[in-house]
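Only this structure's heavy atoms are used, side chains among them; waters, hydrogens and symmetry mates stay out. Just so it is clear: chains get the letters A, B, ... in the order the sequence lines come, proteins before strands, and each one is counted from 1. Nothing here was measured: the structure is a model prediction, and the numbers come from that model.
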Amino acid sequence: MPELPEVETIRRDIAPLIVARRIESADAAGGPRYGRVAEAVGRTVRALARRGKYLLFDLEDRELVIHLGMSGRLFVASSAPASPHLRAEFGLEGGDSLCFVDMRKFGTLCIVRPGQYAAIPTLARMGPEPLSDAFEQTAFVRAVARQGPCIKAVLLAQKVVAGLGNIYVDEALHRSGIHPESRGIGRAQALRLHRAIRDVLTEAIEDRGTTFSLYRDGHLAEGRHYERLRVYDRAGRPCPACGSPIAKIRVAQRGTHYCPACQSAPLS
DNA sequence: CACGCCTCCTGTGCGC
DNA sequence: TGCGCACAGGAGGCGT
């Protein structure tokens, strides 16, 4: 469940601990899912970047790409934990290990040539970073105006905007008063949604992410944003804006939380 | 081509 | 009390 704020928090936590250090060993347990980690050995971590929910480790002439999936944790420890869910371990010069623990195995890890993302189609076609200038209002308004899949599916697909998952999609739609099953969003609502996406992600980063159940930051601590959620995991409880009970439905195969009073039903 | 549904995975929590 | 099943979901993949 790590989404952009959680992945960014982990990036900031572990970058100072690994940048400029050489990888001296690499081990993966879990079969072909985590292939070719040995190519990291002997290379130095030059930088750690993030694109959407992907972490990108600059290893000079290689790039290590990690997606945390539902339950992935990434941290630096003096020795790897005795966890049955330890999927990969990178030994760093000086004795520490970069550890990847992932209970549900939804996470992925692969090594590619820098910028060559053909094997990772979602990353290859990733939309603009929502907290950068690349997230332009005009392009966003045009993209969500199209009569296609419902707005929740559009936001989850990573193509129009990067980094949103189930929690922050529900939160951004509530803040902008848009029903999750709406299609063809008008200009005024699209601009409110654009603003809401930036606001909710910024606030969640300030809170070091949302710990709903399994998420931990780069120091294995919980995030603090859960208590500030307005709709996610709040079915039946009062909407913080109007007091109506939050509803839970199924949209795009995802549990979807919204306020029936604040987020008007889509026309159709 | 694009949309929508299925699948993977395992611990948790609830209902009977 | 204990068992068993539904549920949680990001993204790849496949079928329509």
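Look at CG on A/Leu123: it is 9 Å from P on C/dG12, rounded to the nearest Å. The separation between A/Asp233 atom CG and C/dA8 atom C1' is 10 Å, rounded to whole Å. In this structure, A/Glu181 places its CD atom 17 Å from P of B/dC3, rounding to the nearest Å. Between the CD1 atom of A/Ile151 and the P atom of B/dG4 there is a distance of 13 Å, rounded to whole Å. Rounded to whole Å, atom P of C/dG12 lies 13 Å from atom CZ of A/Phe106. For the pair A/His85 NE2 and B/dG11 C1', the interatomic distance rounds to 8 Å; values are reported in whole Å. In this structure, A/Gln253 places its CD atom 15 Å from P of C/dA11, rounding to the nearest Å. Taking atom CZ of A/Arg250 as the reference point, atom C1' of B/dC5 lies 12 Å away to the nearest angstrom.
Listed pair A/Arg146 / B/dC3 meets the phosphate criterion, a side-chain N or O lying under 4.0 Å from OP1 or OP2. Distances shorter than 4.0 Å separate none of the side-chain N or O atoms of A/Gln158 from OP1 or OP2 on C/dG10. Considering only side-chain N and O atoms, A/Tyr215 lies nowhere under 4.0 angstrom from the phosphate OP1 or OP2 of C/dA8. Listed pair A/His67 / C/dA11 meets the phosphate criterion, a side-chain N or O lying under 4.0 Å from OP1 or OP2. Remark: A/Lys159 is not in phosphate contact with C/dA11, judged by side-chain N or O atoms under 4.0 Å from OP1 or OP2. Listed pair A/Thr122 / C/dG12 meets the phosphate criterion, a side-chain N or O lying under 4.0 Å from OP1 or OP2. Neither OP1 nor OP2 of C/dG10 sits under 4.0 Å from any side-chain N or O of A/Lys53.
Within the nucleic acid shown, A/Met70 comes within 4.0 Å of at least one base atom, counting heavy atoms only. At a threshold of 4.0 angstrom between heavy atoms, the contacts of A/Lys152 with the nucleic acid are absent. Contacts of A/Gly148 with the nucleic acid, taken as non-hydrogen atoms under 4.0 Å apart, are absent.
A centroid separation of less than 6.0 Å is found between the aromatic rings of A/His194 and A/Phe135. Checked against a 6.0 Å centroid threshold, the rings of A/His179 and A/Tyr258 count as neighbours.
Comparing C/dG9, B/dG11, B/dG4 by their nearest atom to the side chain of A/Pro149 picks out B/dG4. Checking B/dG4, C/dG10, B/dT10 against every side-chain atom of A/Glu3, the shortest atom distance belongs to C/dG10. Closest contact between the side chain of A/Pro121 and the listed nucleotides C/dA8, C/dG12, B/dT10 involves C/dG12.
With respect to A/Asp13 and A/Arg208, a salt bridge is recorded, a charged nitrogen being found less than 4.0 Å from a carboxylate O.
A distance of 8.5 Å separates CZ of A/Phe140 from CD1 of A/Ile185, quoted to the nearest 0.5 Å. Once rounded to the nearest 0.5 Å, the distance linking CD of A/Glu89 with OG of A/Ser97 reads 4.0 Å.
Hydrophobic clustering keeps A/Ile246 apart from A/Val169 (ILVMFWY residues linked when any side-chain heavy atoms are closer than 4.5 Å, directly or through intermediates).
Residue A/Arg104 places no side-chain atom within donor-acceptor reach of the base of C/dG10, judged by atom type and a 3.5 Å distance cut-off alone.
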